[in-house]
Amino acid sequence: MAQGMHYLQIPGPSPVPERIQRAIDHQVIDHRSPTFQKLGKEILEAIKEPFGTRQPVVIFPASGTGAWEAAIANTLSAGDRVLMVETGQFAVLWSQIAKRWGLQVDLLETDWRHGVNPAEIEGRLAEDKSHAIKAVMVVHNETATSCATDIAAVRKAMDAAHHPALLMIDSVSALASMPVEQDAWGVDVVVSGSQKGMMMPPGLAFTGISQKALAASKTNNLPRSYWDWAEMLKFNENGFFPYTPAINLLYGLKEALAMLREEGLENVFARHQRLAAATRAAVQAWGLELQCADPKAYSPVLTAVRMPAGFDADAFRKVTLEHFNISLGMGLGRVLGKVFRIGHLGDINELTLMAALSGVEMGLKIGEVPYKAGGVLAAMDVLTGESKKLRLSA
Ligand code: PLP
């Protein structure tokens, strides 16, 4: 079905608002010119706000995976031990990169239905009397499972163990959809990307870098060239880049940051929470199970839904795509075929979500998946209840 609009309800890339599309539609300019310098300075300053930092944030022309690799190459040395938690497929992928770089990875297991357990981190670090562990690396919002981690609690656990390891987090699917407070939480490296909460096309990878991470980058021994923070920071000081930047995406980023500022980050986060609550109400009314088993860890960004036993998530996604022109996220890694994911991030409002949930409910019916009717109504109840509260308090 090709008529009407396509509903891109995967948890990133997320739809790009017209304002940002128009901003990207710009003649290319000289990246060594004063015009570019002004743009560079502006965005390198403005990008700090969603990171909750006053420290440098670098922007690579890359996907988030590039920033994952850069975080490792710039801070660690061959043979270093790092502590990671297998919250889901994205934690698995980051740990694979760490292994390929010759690091020794201590990977704590989970059931892929919870976020990171800070007590476990504290216990493992407390045992590490010789401080062999050089970094704790965790995924902030695990996009494969829709479980988020309380990063402030992870920091607290590290402090309680009096351990000096760097704290590196993957906020690829958290940035600009839920709070990221790099400085307040004491995070040394925050890795992210443009194609999710930032409402941009894929193609930019961001990294927030603390002074401690910067100091580590001066003495570590892993090789890097393209990914070298030092070279990037040297040029960024004057608003420039060491090589040709993704100029047009940077025009888009300027617009995205302006949109986030206009709405106000607190309002952006509240909107994501509201839509996530409505989505979970729908799933529960359908009688389906949420992949995330810990209510404290429920993600405001996406909702992963478990298929009833014997029903294939990808066959279901095919039905919704063919009948209702909606893309839902697939199950990744260990939950392939067992889970589908509803993205509710970025440029999304109540009616976009209601359309998406209608598509899911009709898909369940057409696909003959066992479910109870009423999920869409349950979501509307959440949304109208919320708006009534908002009216009364206005
Ligand atoms: N980390 C998380 C949590 C993600 O959701 C993703 C992508 O979905 C990545 C890392 C990888 O980013 P990219 O696909 O931009 O390389």
Side-chain angles (χ1 to χ4, degrees), residues 8-16 50-51 58-73 84-98 100 107 110 112-116 136-151 154 167-180 182 187 189-208 226-227 246 249 252-253 256 272 276 291-292 297-304 327-336 339-346:
L8 182 63
Q9 298 298 146
I10 60 175
S14 66
V16 178
F51 276 78
V58 297
I59 305 174
F60 289 108
S63 84
T65 301
W68 262 348
E69 182 150 310
I72 291 168
M84 303 184 78
V85 184
E86 196 192 308
T87 43
Q89 183 63 9
F90 289 101
V92 169
L93 293 174
W94 202 9
S95 73
Q96 283 172 355
I97 296 177
R100 288 184 197 127
L107 191 59
T110 80
W112 283 40
R113 303 192 69 182
H114 292 79
V116 171
V136 173
M137 299 161 64
V138 295
V139 176
H140 184 181
N141 183 67
E142 178 53 80
T143 325
T145 66
S146 65
C147 290
T149 281
D150 180 349
I151 299 296
V154 173
L167 174 56
M168 309 216 255
I169 65 169
D170 166 350
S171 293
V172 171
S173 64
L175 185 75
S177 291
M178 55 193 278
V180 177
Q182 178 171 6
V187 181
V189 179
V190 179
V191 168
S192 197
S194 54
Q195 74 273 26
K196 301 195 187 248
M198 203 54 86
M199 306 176 285
M200 290 272 299
L204 297 179
F206 312 122
T207 312
Y226 183 82
W227 300 119
L249 289 182
L253 181 60
H272 281 75
Q291 174 65 15
C292 185
Y298 285 158
S299 171
V301 175
L302 78 150
T303 301
S327 285
L328 298 166
M330 64 188 290
L332 299 172
R334 199 198 282 180
V335 291
L336 176 75
V339 155
F340 69 91
R341 298 172 300 150
I342 305 170
H344 31 77
L345 67 160

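Quick caveat, the model's predicted, so the values are computed rather than measured. As the structure lists them, so they are numbered: ligands from 1, and atoms in each ligand from 1.
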(request) Working to the nearest 0.5 Å, report the span between CD1 of Ile59 and OG1 of Thr207. (result) 9.5 Å
(message) What I want to find out is whether Glu142 reaches Arg113 closely enough, with some N-O distance under 4.0 Å, to be called a salt bridge.
(response) no
At less than 3.5 Å, what protein N or O atoms come close to the N or O atoms of ligand 1? Include the distances to 0.1 Å.
unit_1, atom_1, unit_2, atom_2, d
ligand 1, 1 (N), Asp170, OD1, 3.4
ligand 1, 1 (N), Asp170, OD2, 2.6
ligand 1, 5 (O), Thr143, OG1, 2.6
ligand 1, 5 (O), Lys196, NZ, 3.4
ligand 1, 8 (O), Lys196, NZ, 2.6
ligand 1, 15 (O), Gly64, N, 2.8
ligand 1, 15 (O), Gln195, NE2, 2.8
ligand 1, 16 (O), Ser63, OG, 2.5
ligand 1, 16 (O), Gly64, N, 3.2
ligand 1, 16 (O), Thr65, N, 2.8
ligand 1, 16 (O), Thr65, OG1, 2.5

(request) Could you tell me which residues satisfy side chain to side chain donor-acceptor pair (under 3.5 Å) with Thr143, sequence neighbours excluded, listed by chain and number? (result) Ser173
(request) Verify, without hydrogens or angle tests, whether Gln9 (side chain) and Gly343 (backbone) share a donor-acceptor contact under 3.5 angstrom. (result) yes
(message) If we check side-chain hydrogen bond (donor to acceptor under 3.5 Å, both in side chains) with Thr303, which of these qualifies: Gln291, His344, Arg341?
(response) His344
(request) Return yes if a side-chain donor-acceptor contact under 3.5 Å exists between Thr87 and His114, otherwise no. (result) no
